[in-house]
Amino acid sequence: MGKLERPVLFGMSRFKIENKEASLFNSAVMIENGKAQLSDKIHTVPVSEGGIASGSRKSFTFGPDTKILPLLCYDAMFPMHRMHGQQHD
């Protein structure tokens, strides 16, 4: 398989085991230049995502000076959090 010429952004379900506890996250992943960056959904849908944990949202950096902040589904419903309420890397 050849090297990717452009960044690839996709969503996935992710399991994490910490202190013998397993958690399921709804995550966005960006791969560029062989490196993966990960950002989790922080606001879960109350009725349909009861088993999904709230994670930590991170900005993705690509190119020399570009950052994006992925919003996963229900996270987009909280504009004050994404604009003013939280610090992002």
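In this text, all values refer to a predicted model and were calculated from it rather than measured experimentally.
Around CZ of F15, the count of heavy atoms belonging to other residues, nucleotides or ligands within 6.0 Å does not exceed 12.
P70 and F60 make their closest contact through CG-CE1, 3.7 Å (heavy atoms, listed as atom of the first residue, atom of the second, distance). Between F62 and P7, the shortest heavy-atom distance links the atoms CD1-CG, 4.1 Å. Nearest heavy atom pair, residue S27 against residue L38, reads CB-CD1, 3.7 Å. Of all heavy-atom pairs spanning T44 and A53, the tightest one is CG2-O, 4.1 Å.
Residue V29 is grouped with residue V8 when hydrophobic side chains (ILVMFWY) are merged at heavy-atom distances under 4.5 angstrom, including chains of intermediate members. Placement of L24 and M12 in two distinct hydrophobic clusters is found when ILVMFWY residues are connected by side-chain heavy-atom separations under 4.5 Å, directly or transitively.
Annotation: salt bridge (charged side-chain N to carboxylate O under 4.0 Å, His left out) contacts involving residues 42-51, sequence neighbours excluded, comprise K41-E49. For residues 19-37, no residue pair satisfies the salt bridge (charged side-chain N to carboxylate O under 4.0 Å, His left out) rule, not counting sequence neighbours.
I42 CD1 to N26 CG: the interatomic distance, rounded to the nearest 0.5 Å, is 12.0 Å. With values rounded to the nearest 0.5 angstrom, K67 atom NZ is found 4.5 Å from T61 atom OG1. Residue K58 holds its NZ atom at 15.5 Å from CD1 of I68, rounded to the nearest 0.5 Å. Distance check: L69 CG to S39 OG gives 6.5 Å after rounding to the nearest 0.5 Å.
R14 and D40 are joined by a salt bridge, as a carboxylate oxygen and a charged side-chain nitrogen come within less than 4.0 angstrom of each other.
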